[in-house]
Protein chains: 2
Amino acid sequence: MHAYVHIVDDDDSFRTALERRLKLAGYRVLTYASARQLLDRLPGDEEAGCILLDVRIPGMSGPELQGRLNELQSTLPIVFLTGYADTATTVQAIKAGAEDFLTKPIASDQLIEAIERAVARHELARSQRARFDSLRALLARLTPRERQVFDLIVCGRINKQVAYELGTTERTIKAHRHQVMEKMQVQSLAELVSIAERLGTRQPGGAVRG
Amino acid sequence: MHAYVHIVDDDDSFRTALERRLKLAGYRVLTYASARQLLDRLPGDEEAGCILLDVRIPGMSGPELQGRLNELQSTLPIVFLTGYADTATTVQAIKAGAEDFLTKPIASDQLIEAIERAVARHELARSQRARFDSLRALLARLTPRERQVFDLIVCGRINKQVAYELGTTERTIKAHRHQVMEKMQVQSLAELVSIAERLGTRQPGGAVRG
DNA sequence: TTTCATATTGTACCTTGGGACAGGCGGCCG
DNA sequence: CGGCCGCCTGTCCCAAGGTACAATATGAAA
């Protein structure tokens, strides 16, 4: 386990001490004195890891950074680590998806436990994200027309209905449908529907009245 | 809005005061002096509502009750309301799905806000649950054989393959398949797959090697 | 201007799905 | 025991999906 731990804290000595502790525990550690710094050298998703984040840091606060990272679709789990914790902030942080909320001083084993949970969650999130993204990539390769056909067939329309709704012929739809199956790398309608369902691109769509 | 608020607190006077406040705010209120009492007269899902729960109550604690209710598949959101809140308990409660975690004394408007959020969430959860349950009910009406056919066709098998895997003929599968579509009240394979996906009864299942 | 991707359409043929109609076998319950 | 249900099976036929082979048109890119 060579997971990255990103420490964001304005207290130099605390940061250094924590860095040393975690390196001894086998982690790769990167430190940041402010939220800004972390955003500037934003860690990607290439490696499993997590963020250890102080609540009160100069400039952008911990929860603010959390919000920003959420906006940026970051999957990096956050473990808050702070001196004083008021209930509202704690609740807000956890609701916003933080993996944990710990108070200083913190026992090493308890911290490591939290980090391990966070890293495990990150690994899970990454793999889910990877699957999701690869499906989205496939979908993105469809031409606009193919995408229209895709949407209709995963809603259960038969070729004839699709042809009617798109103002073309059944033969043409067969061609597009073939392309769709090809590009989405599926052999059956069932798989196609399953993908659509998982990507959330499937609105049941009323039955046709023709 | 005639939502039910279930107050669980061992402090008689607090319970009564809170009950009065909430009734004035238009809620229907039920009070319980212990976790046991609430479990005994367990509120169903018929009406929207939420639970106001103290952390430290005699017998089963707030978080313990929360765990028990989660086991029981309760959808009733919990708003913790307690005098003293340590961080670990707060984090644990929110992670376990509590809607909020407030400390006494609490301003009415803030409490009402939390209750409103909880009730809204309950309404959402109830409607989702209802849809889910109705699908499960349909699925439960399938005979064992039909269920096997269902599982295979939503994985993309064609009749011939299903027949082979179940050691019977294509004709028989057609009959079962017809029954499945009938009982599940769907007109297309797409809808059937969608249901399977939402019910999580669909394991991709490897391609057939025949 | 040539080339490429996209969108379109056609014919012919085969496979798969699905309905209509009809029947057989075995277990469970009143 | 008779009837109901689950399960199985058959034939005929049509509709829908899928493929091979082929071709046209248009706009954008090289």
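To find a chain, count down the sequence lines: A is the first, B the second, and so on, and within it residues start at 1.
- OP1 or OP2 of D:dG10 lies within a sub-4.0 Å distance of a side-chain N or O belonging to B:Thr169.
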Might you work through the salt bridge (Lys or Arg N to Asp or Glu O under 4.0 Å) test for B:Arg28 and B:Glu47, ending with a clear yes or no? CA-CA 11 Å; B:Arg28 292 188 280 189; B:Glu47 302 278 348; 3.3 Å; yes

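- Considering only side-chain N and O atoms, B:Lys160 lies under 4.0 angstrom from the phosphate OP1 or OP2 of C:dT16.
- Distance B:Glu182 CD to C:dG19 C1': 12 Å, rounded to the nearest Å.
- Atoms CD1 (A:Ile173) and C1' (C:dT6) sit 14 Å apart, rounded to a whole Å.
- Atom CD of A:Gln187 and atom C1' of D:dT19 are 15 Å apart (whole Å).
- Counting to the nearest Å, the C1' atom of C:dT16 and the CD atom of B:Glu170 are 7 Å from each other.
- The backbone N or O of A:Val149 lies less than 3.5 Å from no partner atom in the side chain of A:His176, so there is not a single donor-acceptor pair.
- Distance from the side chain of B:His176 is smallest for D:dC8 among the nucleotides D:dC8, C:dT6, C:dT16.
- Taking the side chain of B:Arg177 as heavy atoms from C-beta on, and the options D:dC8, C:dG17, D:dG18, the nearest nucleotide is C:dG17.
- Not a single donor-acceptor pair under 3.5 Å links the side chain of A:Thr82 to the backbone N or O of A:Ala85.
- Closest to the side chain of A:His178, from the set C:dG19, C:dA7, D:dT19, is D:dT19.
- A straight line from CD of A:Gln148 to P of C:dT6 spans 15 Å, rounded to a whole angstrom.
- If you check D:dG17, C:dT6, C:dG17 against the side chain of B:Lys174, the one that comes closest is C:dG17.
- One interatomic measurement links the two molecules: CG of A:Leu189 to P of D:dA16, which rounds to 15 Å at whole-angstrom precision.
- Mapped onto DNA chain D by nearest heavy atom, B:Ala175 and B:Arg141 fall at different nucleotides, with B:Arg141 at the one closer to the 5' end.
- Atom CZ in A:Arg147 sits roughly 22 Å away from atom P in C:dA5 (whole-Å rounding).
- Put simply, CD on B:Gln179 is 11 Å from P on D:dC5, counting in whole angstrom units.
- Tested against A:Asp45 for a side chain to side chain donor-acceptor pair (under 3.5 Å), the candidates A:Arg129, A:Arg126, A:His122 yield a single pass: A:His122.
- Closest approach to the A:Pro144 side chain among C:dG19, C:dA7, C:dG17 is made by C:dA7 (side chain taken as heavy atoms from C-beta onward).
- Side-chain proximity of A:Arg171 to the nucleotides C:dA7, C:dA20, C:dT11 is greatest for C:dT11.
- A donor-acceptor pair under 3.5 Å is formed between the side chain of B:Thr16 and the backbone N or O of B:Asp12.
- Judged by closest nucleotide on DNA chain C, A:Leu166 is the one of B:Asn159 and A:Leu166 placed further toward the 5' end.
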